[in-house]
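Heads up: the structure comes next, in structure tokens.
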Protein chains: 2
Amino acid sequence: MNRPALVRLSLTADARGELCFGEWGRELPFEPKRFFSIRAVPPTATRGDHAHRRQQQLLVCLEGACTLRVDDGESQQSFRLDSPAVAVHAPPLTWCTLTDFAPGSVLLVLASDRYDADEYIRDYQEFLRLTRSR
Amino acid sequence: MNRPALVRLSLTADARGELCFGEWGRELPFEPKRFFSIRAVPPTATRGDHAHRRQQQLLVCLEGACTLRVDDGESQQSFRLDSPAVAVHAPPLTWCTLTDFAPGSVLLVLASDRYDADEYIRDYQEFLRLTRSR
């Protein structure tokens, strides 16, 4: 769980619609203490573009699509999140950048702890230093 | 926290879109261990229509709108969920019924525990008996 990874969520569909779910200990490798949702992102906008020192996150695009680039200081991966059944787990010290939001997209992020401004790393050189010293 | 109640989430909006958030101890009166999302619900469909014995939930419509009816065995309330900044907290022994989904709606539910089939009450008369004996 130390590298960013794709996480498949369960999906059930019937005449009443589609339901996707995940739970702690299975699809969700931590107990979330915070959640946020993002929408109405212009197609040219960038979201994220920072890392967390200790917090981990699960990111899933519940409607529409966006591109998530994850960087752990050694390698980079890019995921097109275009299904509510496909999430990405970002462990601590993952630099996340979100771009190319399709119109009407809704992104959900579950985080392992409460909001703490000191937890954010917004300087990429500092991020690289921290990843090299872990 | 023993009655179903509206919960206001924080919303920040700027040129990069809208972000709504909630965290445990503030907007979220429990630590979620499970989440699910629902979409593509036909306008005539009904979702929910059951209660939980011990689990509590937070329900929020992240996109579009739907109507949530909550019943605690003594009184009923109906909420039109049409903003990602408006959630409803359903304590244990709340019968929840969701109807009138607008096209493109996305509902997020955070639950206080993992999935357990024995936790569901699907018989309304049994629900009433349980609410009267608490």
Side-chain angles (χ1 to χ4, degrees), chain A residues 9-28 30-49 55 58 60-64 66 83-87 98-99 101 103-116, chain B residues 9-28 30-49 55 58 60-64 66 83-87 98-99 101 103-116:
Chain A
L9 303 179
S10 300
L11 185 150
T12 63
D14 61 24
R16 299 174 308 134
E18 290 177 19
L19 188 150
C20 283
F21 60 96
E23 63 181 28
W24 170 70
R26 290 168 54 96
E27 300 84 359
L28 190 56
F30 58 88
E31 292 182 76
K33 289 193 170 59
R34 180 166 61 95
F35 73 100
F36 55 96
S37 64
I38 296 174
R39 70 173 191 178
V41 181
T44 56
T46 298
R47 308 268 343 184
D49 211 17
Q55 290 194 19
L58 191 85
V60 53
C61 195
L62 299 181
E63 185 64 65
C66 67
S83 163
V86 173
L98 292 148
T99 56
F101 283 79
S105 294
V106 177
L107 181 79
L108 169 68
V109 181
L110 302 174
S112 61
D113 217 333
R114 294 158 55 134
Y115 177 79
D116 175 1
Chain B
L9 304 180
S10 301
L11 185 151
T12 63
D14 60 24
R16 298 175 308 134
E18 289 177 20
L19 187 149
C20 283
F21 59 95
E23 63 181 29
W24 169 70
R26 291 169 52 98
E27 300 85 358
L28 190 56
F30 58 88
E31 293 182 74
K33 289 194 171 56
R34 179 166 60 96
F35 73 101
F36 56 94
S37 64
I38 295 173
R39 69 173 191 179
V41 181
T44 56
T46 297
R47 307 263 350 179
D49 212 16
Q55 290 195 17
L58 191 85
V60 52
C61 195
L62 299 182
E63 186 64 64
C66 66
S83 163
V86 173
L98 292 148
T99 56
F101 284 79
S105 294
V106 177
L107 181 79
L108 169 69
V109 182
L110 301 174
S112 61
D113 218 331
R114 293 157 55 135
Y115 177 79
D116 175 2

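Note on naming: letters A, B, ... go to the chains in the order of the sequence lines (proteins, then strands), and numbering restarts at 1 for each one. As the structure is a computational prediction, the values presented were derived from the model and not from experiment. Only heavy atoms go into these numbers, but all of them, side chains included; no hydrogens, no water, no symmetry mates.
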Answer with side chain, backbone, both or neither: which region of [X] has an atom nearer than 4.5 Å to a non-hydrogen atom of chain A?
X	result
B:Phe30	neither
B:Ala15	backbone
B:Ser10	neither
B:Leu11	neither

Side chain to side chain contact (heavy atoms under 4.5 Å, CB included) with A:Leu98: of A:Asp49, A:Val109, A:Leu107, only one passes, and it is A:Leu107
Under a 4.5 Å heavy-atom cut-off, does chain B meet the side chain of A:Leu28, its backbone, both or neither? side chain
Sort A:Thr46 into side chain, backbone, both or neither according to what part of it lies under 4.5 angstrom from a heavy atom of chain B. backbone
Applying side-chain contact (heavy atoms from CB on, under 4.5 Å) to B:Leu108 and A:Phe35, what does each step give before you reach the verdict? CA-CA 11 Å; B:Leu108 169 69; A:Phe35 73 100; 4.1 Å; yes
What's the separation between atom CZ in A:Arg47 and atom OG1 in A:Thr99, rounded to the nearest 0.5 Å? 12.5 Å
First locate atom CD of A:Glu18, then atom CZ of B:Phe36, and finally report the distance between them rounded to the nearest 0.5 Å. 14.5 Å
How far apart are the C-alpha atoms of B:Arg39 and B:Phe101, what are their side-chain angles, what is the distance that settles it, and do they pass the side-chain contact (heavy atoms from CB on, under 4.5 Å) test? CA-CA 9 Å; B:Arg39 69 173 191 179; B:Phe101 284 79; over 6 Å; no
Nearest heavy-atom contact between B:Pro42 and A:Gly17 is CD-N, 4.1 Å
For chain B, which of [options] has the most heavy-atom pairs under 4.5 Å?
options	result
A:Gly25, A:Ala13, A:Ala40, A:Gly104	A:Ala40
A:Arg16, A:Arg34, A:Glu31	A:Arg16
A:Leu9, A:Ile38, A:Leu19	A:Leu19

Among B:Pro32, B:Pro84, B:Ser37, which residue has the highest count of heavy-atom pairs closer than 4.5 Å to chain A? B:Ser37
Listed once per pair and sorted, the salt bridge (charged side-chain N to carboxylate O under 4.0 Å, His left out) pairs that draw on residues 103-116 of chain A, sequence neighbours left out: A:Arg114-B:Glu23
